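Because the structure is predicted, anything quoted here is derived from the model rather than measured.
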Amino acid sequence: MNNWKLTPEQIEDLAPKATAYAAGKKLSNTLKWESYAKSPRALWGLIKGSGKKPYATQIDIQELAFKCSCPSRQFPCKHALALLILNSNEDLTPDSEEPEWVSEWIDKRRNKAKPKPAKDKTAEEIEKSEAGKQKRQDERKALVDDGVKELERWLEDMMRAGLLELPGKPQSYYSDMAARMVDAKANGLAGWVKALAKLDYTHIDTWHTQAVQIIGKLNLLIQSWKNVDQLSEDWQITLKNLMGWSQSSKELMQDKDARCIKDQWIILGQEKEVIEDITVLRSWLYGQKHQQRALILNFGTRHSPLENSLIAGTVMEAELAYFPSITPQRAIVKMVKEQLANQDLNMEPLSDLTAMQDAYNELCKTNPWYNNSVHIVNNCQLITIEEKWHLIDQKQQTIPVHSSFGKEQCMQWVLLTGNAVTAASMVLKNGTVLPLGIYKQGKYFSI
Amino acid sequence: MSSTNNILKEVLLIGTDRKPIPWDSLPESLRQKTQADQSDANHLLQVITYLTRYDNYNTTLPIQSNINLPEIITDEAEHEVNPQALSILGEILSQEYLLKNQLLTEWIDIVAQSDQTVPYEKILKLLDHAMNLNMATREKLLSIIGNKGRYVAQLMHADKYGGHKELDISQWDIANLDDRKKLLAQINKEKPVQANQLLQSAWPQSSIREKLSLLQVLSDNLQEENNIWLEEILEQEYKERHIKQSTARQCKLLIIAMLLRLNDPYLQNLIRSNLQAYLTKTQSAGLMKRMVGIKSTGINLPNDADTFWNGESMNSLFGIADKNNNIKLFDYDPQFWFAELIKITPWKLLCEIFESKSDDLVKYLIKDKSFITKIANEETPILIDAIVSNAHATKNSELISSIASLIDHPKCHELCALMNQSEFEKYVSRHKLFTQIDILASRAPSLEHNWSVHFSKNMISELLKICKSGKFRPHPKFGHTTARYFHPKAIDHLMSAASNFQNEHWYSTWKNNLVDPIIIGMRLKDALNQMKENI
């Protein structure tokens, strides 16, 4: 921990924008800083800005968090990035005494992380609160039920008219129904309708297969919802999530019964996607002791910048709490014990791509809506078939690489493997794979 | 299930209103999934839901046959550069491009000499940043990134790194012109006799433009041993022949210029004997010279063509153009031919012929009335171009020194790159060129400080004056350029100069655009020097 440093590549990944990283790099010169120091818990510095007072920048290096007095809305700001770069260039000894402004912030963070004792409520207050909650749930369910009925009729009309009508439909055909589902508080259903609208109807060979897939899964969700009250609690939560019920990280953090796993978590990789003005950062984790996987989601909007404290390729000793589901996958970081320096890792890869597909099929048997499953797979090679990148295993089974995995990343793969077969981590999504990193000789290299 | 899908596909596409579900063709298991009271549309919806679910957990991956797997690239275990060197690299890459390019070139050079390799995670970035460096550095970079790096370089930037081949003499016959030029330059440095043989073999099949290109390469890398081949080719193709075609004539001129540089006695005598016929002796201008009776040698050029100064002789003897192609500058054709002769005649030979020292000859050729014309009412020396061109070709240090100290003409700025350090500093100071970034950047920098302490301090003082007068404001590029050459011992002077600015804006401009880049540059140069010792 004492010599904790991030590589320039990892700091670049952490930057919200390439320009922020470039600006941070310029400020990483020691001459720019009035002072800077490091303790076992924190890294901090004072840097002259445009105002009279210097900006105070601080980084919690145990649980990776940033704070700066500059007015930037980027997160981490260029000053925090500069401080990280400076730390990676210089040999800062973590023996400085934290100034008050740093120790106060770190202590506050540590106290905040501890679960607060629940307020003692009277039986009457509890009953009232539960009743209110139940009432809100019932009202919402009634709205969703109405939406579900309407959507089912819409799908039946589609079956009557035939799918060949779809390419000629105006966008309002889909957007009106999606809006109706949003009104019915079933954002999850709206997402499926939008997926139908987004199909590329110029691809005559593929669009109807994709449309049938979406309609099939959507109708399965509708039919399942009709029986939701008869299902187990886990199933009820799973279906509610699929319908659009949101999950509270705050509640999960305080839930004593939540499924929690302590492990040395490898951050396999990250994927950033912008969906209607919301930036979603998906971080894929793998626990090397229990071989469990986890997905951490972070969101950013125009008004609240994306906050991320996970860095691909790093390892942390931490406790994760999983959101309840029939197939638990999404989690939050409940507590970080420490960031671990580069060490030999233990991953247990599946034998090949076939084994990965089989594993995914099994997941689908349990949860038919399961998507974006992460796997560690052995015996993979990156090849091109008709100028498109694919992974191939030794049985010659192939799977296309997801379009977001660009040429530069493919070249990183080649640099790491020299075209030889390798074990790799990847996300299986919609019939394609998104490679996250390479695992060789006990080391993990994120791409 | 795929046959079932096909049966249902038609119904799905055109709808149950137009085509009923063919229940009899569907398997019993599917028929059981529906209820009697449902509409056809609802039936179809349930059936495809069931099929989709089944398909989803029975997905198999396609098997591709006849796939050409890519070749496996392996790297021999080599030492990777240490983290400190990588940290220096990181800082270098964040600098402005002039300073970055200089320091990156040095960094690559140091690593290449150490036989170490760059770790994989830096390779793509390095390839990207080094794309605009010169070919030699790019080739050095390819030598430090291992087989995998070289493979990727070709895939990513084939235009910049694709040309990397270990050229050897056996490839001469099949090589294209660019490769031949590289090969010729390389071989002529080490084995000029072999280079002569290569030229000999290529000459008959080469086009006239290719011949000129190869001769230019030879001229830039000339060796004594090239004399034999040049004489031969002059004898066979050009000697005492009138050449009409312009490119062929340029080839001849270049061959003669090279032979003259190699002290070819025939050509040197040809020039000496012909010029001597026009030399005159006049009383020297200086009092001392007059007292001891020293006479100066000059040249009396005819106004019209004569037996030597005529288009036919100039072309057939030297490959010089038949006609004066700059009538604005040269009033008479012999002046033009004389200027062309100055360009190719070694300066030492000219001094001998004129029995003059270098400074005196430069003065004479620049200041004598017979070599001055009026253009737009301004007196213009007509031989400056020729003299500067001679300095470029022969790199004669005496001549460069004479030009630097005696001529005040913008044309001479281009010789700054060839001047020695002291001449350069005097030249810049005399002409007050402290803000001329192109001139300052024209000299190849090195890791050692290039400017003297005195010049570095003087530069800061002068810049301060210019800045205070509001005529110049240092910009980041200027600071980064200065950082490449500045002497570390002048840093205090630089820092104290900053205190001269009362205005906060000027202070921060001076500090951010000049002081900081210089200090960063100094630090990185020091770091590279240390890296050189420790790697």
Undergrad: In the structure I gave you, are the side-chain heavy atoms of B:Leu45 and A:Glu156 within less than 4.5 Å of one another anywhere?
TA: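 A side-chain contact under 4.5 Å exists here.
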Undergrad: Judged by atom type as modelled, is there a donor-acceptor pair below 3.5 Å linking the side chain of B:Arg53 to the main-chain atoms of A:Lys217?
TA: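 Absent.
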Undergrad: Answer yes or no: are there more than 12 heavy-atom neighbours, outside B:Lys19 itself, under 6.0 Å from its atom NZ?
TA: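 No - once you tally the heavy atoms of other residues, nucleotides and ligands closer than 6.0 Å, there are 12 at most.
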Undergrad: Looking only at heavy atoms, what is the nearest atom pair of A:Asn361 and B:Asn56, with distance?
TA: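 Result for this residue pair: OD1-O, 3.3 Å.
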Undergrad: More than 12 heavy atoms of other residues, nucleotides or ligands under 6.0 Å from NZ of A:Lys26: is that the case?
TA: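 No, the 6.0 Å shell around NZ holds no more than 12 heavy atoms from other groups.
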Undergrad: Under the criterion side-chain contact (heavy atoms from CB on, under 4.5 Å), I'd like the reasoning laid out for B:Tyr151 against A:Asn419: C-alpha separation, chi angles, the key distance, then a yes or no.
TA: CA-CA 10 Å; B:Tyr151 177 79; A:Asn419 290 330; 3.2 Å; yes
Undergrad: Just wondering, more than 12 heavy atoms not from B:Gln84 lying within 6.0 Å of its CD?
TA: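 No, not enclosed.
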Undergrad: Under 4.5 Å from any heavy atom of chain A, what part of B:Glu71 do you find: side chain, backbone, both or neither?
TA: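 Just its backbone gets close to chain A.
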Undergrad: When rounded to the nearest 0.5 angstrom, what distance separates CG in B:Asn147 from CG in A:Leu415?
TA: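 Separation between the atoms: 11.5 Å.
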Undergrad: Tell me the closest heavy-atom pair linking A:Lys407 and B:Leu155, and the distance in Å.
TA: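 In terms of heavy atoms, the two residues are closest at NZ-O, 3.0 Å.
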Undergrad: Heavy-atom cut-off 4.5 Å, strictly under: side chain, backbone, both or neither for A:Ile385 against chain B?
TA: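 Side chain of A:Ile385 only, per the 4.5 Å heavy-atom cut-off to chain B.
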Undergrad: Less than 4.5 Å to any heavy atom of chain A: does that hold for the side chain of B:Thr74, its backbone, both, or neither?
TA: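 No part of B:Thr74 comes within 4.5 Å of chain A.
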Undergrad: Report the distance from atom CD1 of B:Ile21 to atom CE of A:Met159, rounding to the nearest 0.5 Å.
TA: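 Reported to 0.5 Å precision, the distance equals 10.0 Å.
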Undergrad: Side chains of B:Ile72 and A:Gln381, heavy atoms from C-beta outward: is any pair under 4.5 Å?
TA: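 When only atoms from C-beta onward are counted, A:Gln381 and B:Ile72 do touch, with a gap below 4.5 Å.
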Undergrad: Of the listed residues (A:Pro8, A:Pro368, A:Ser88), which shares the most heavy-atom pairs with chain B below a 4.5 Å separation?
TA: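 Ranked by contacts with chain B, first place is A:Pro368.
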Undergrad: Whether the B:Gln46 and A:Asn219 side chains hold a donor-acceptor pair (N or O, under 3.5 Å, no angle test) is what I'd like checked.
TA: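 Per modelled atom types, B:Gln46 and A:Asn219 side chains form a pair under 3.5 Å.
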Undergrad: Could you go through the side-chain contact (heavy atoms from CB on, under 4.5 Å) check for B:Thr52 and A:Leu220 one step at a time?
TA: CA-CA 9 Å; B:Thr52 310; A:Leu220 185 63; over 6 Å; no
Undergrad: Less than 4.0 angstrom from a charged side-chain N to a carboxylate O is my criterion; do B:Lys122 and A:Glu9 meet it?
TA: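 Looking at B:Lys122 and A:Glu9, the cut-off is met.
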Undergrad: Please lay out, stage by stage, how B:Leu69 and A:Ile392 fare under the test side-chain contact (heavy atoms from CB on, under 4.5 Å).
TA: CA-CA 9 Å; B:Leu69 293 174; A:Ile392 189 167; 4.0 Å; yes
Undergrad: Only pairs of heavy atoms separated by less than 4.5 Å count here; which of A:Val212, A:Leu353, A:Asn29, A:Thr417 has the most with chain B?
TA: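 Top option by heavy-atom pairs under 4.5 Å: A:Asn29.
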Undergrad: Relative to chain B, which of A:Gln357, A:Met356, A:Glu165 shows the most heavy atom pairs under 4.5 Å?
TA: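 Option with the greatest count: A:Gln357.
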Undergrad: If you count heavy atoms of other groups shown closer than 6.0 angstrom to NZ of A:Lys149, is the number above 12?
TA: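 No.
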Undergrad: Supply the atom-to-atom distance B:Asn66 CG to A:Gln396 CD, rounded to the nearest 0.5 angstrom.
TA: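 Going from CG on B:Asn66 over to CD on A:Gln396, the span is 9.0 Å.
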Undergrad: Could you state the interatomic distance from CG (B:Asp55) to OG1 (A:Thr209), rounded to the nearest 0.5 Å?
TA: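 Going from CG on B:Asp55 over to OG1 on A:Thr209, the span is 10.0 Å.
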Undergrad: Using non-hydrogen atoms and a 4.5 Å limit, figure out which bit of B:Asp75 sits close to chain A: side chain, backbone, both or neither.
TA: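 It is neither, since no heavy atom gets under 4.5 Å.
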Undergrad: Using every non-hydrogen atom in the two residues, find where B:Tyr57 and A:Cys364 come nearest and quote the distance to one decimal.
TA: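 Distance-wise, the nearest heavy atoms are CB-CB, 4.2 Å.
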Undergrad: What verdict does the side-chain contact (heavy atoms from CB on, under 4.5 Å) test give for A:Gln223 and B:Thr49, after you've listed the backbone C-alpha separation in whole Å, the side-chain angles of each residue and the deciding distance to 0.1 Å?
TA: CA-CA 10 Å; A:Gln223 301 311 320; B:Thr49 302; 5.7 Å; no
Undergrad: For B:Asn68, does the CG atom sit with more than 12 other heavy atoms under 6.0 Å from it, leaving out its own atoms?
TA: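 Open.
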Undergrad: Can you tell me how far the CD atom of B:Glu10 sits from the CG atom of A:Leu164, to the nearest 0.5 Å?
TA: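 Reported to 0.5 Å precision, the distance equals 10.0 Å.
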Undergrad: Quick check on the interface: out of A:Gln397, A:Lys365, A:Arg160, who has the most heavy-atom pairs with chain B under 4.5 Å?
TA: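 Counting heavy-atom pairs under 4.5 Å, the top option is A:Arg160.
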Undergrad: Could you report the tightest heavy-atom contact between B:Leu61 and A:Thr354, atom names first, then the distance?
TA: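 The pair with the smallest heavy-atom distance is CD1-N, 4.2 Å.
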Undergrad: Is chain B contacted by the side chain of A:Ala420, its backbone, both, or neither, given a heavy-atom distance below 4.5 Å?
TA: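 When you check distances to chain B, atoms from both the backbone and side chain of A:Ala420 fall under 4.5 Å.
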Undergrad: Taking all non-hydrogen atoms of both residues, which atom of B:Pro70 and which atom of A:Ile383 are closest, and how far apart?
TA: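 Smallest interatomic distance, heavy atoms only, reads CD-CG2, 3.5 Å.
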Undergrad: Please give me the minimum heavy-atom distance between B:Lys148 and A:Leu416, naming the atom from each residue.
TA: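 Heavy atoms only, the tightest pair is NZ-O, 4.1 Å.
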